[in-house]
Student: 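Please find one structure pasted underneath; my questions will follow.
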Amino acid sequence: MNILIFHRGTYRGVAHWDVGRSTPVAAHVTAVVSLALWSGVTVAGRLLVYT
């Protein structure tokens, strides 16, 4: 779902991103959410052993 939101929203404007400018805030937010979700998946997978 996260990558779908990224591709439908933020990624559409990637051709207009300039090399000299900073990355849009939406791309940063998507990256942080993605890292948090994958960290949660990893932790949940590791905790399955104890259930």
Student: Does S34 reach the main-chain N or O of T30 with its side chain, forming a donor-acceptor pair under 3.5 Å?
Tutor: no

Student: Does H28 have any side chain to side chain contact (heavy atoms under 4.5 Å, CB included) partners at least two apart in sequence or in another chain, and if so, which?
Tutor: T23

Student: Could you state the interatomic distance from OH (Y11) to CD1 (I3), rounded to the nearest 0.5 Å?
Tutor: 9.5 Å

Student: Identify the heavy atoms of H7 and R12 that sit nearest to each other, and give their distance.
Tutor: O-CG, 3.7 Å

Student: State yes or no: do M1 and F6 share one hydrophobic cluster built from I, L, V, M, F, W and Y residues joined by side-chain heavy-atom distances below 4.5 Å, directly or via other members?
Tutor: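 Not linked; separate clusters.
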
Student: Nearest 0.5 Å, please: how far is CG in L47 from OG1 in T42?
Tutor: 11.0 Å

Student: Partners of L35 by side chain to side chain contact (heavy atoms under 4.5 Å, CB included), sequence neighbours excluded?
Tutor: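 Side chain to side chain contact (heavy atoms under 4.5 Å, CB included) list for L35, sorted by chain: empty.
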
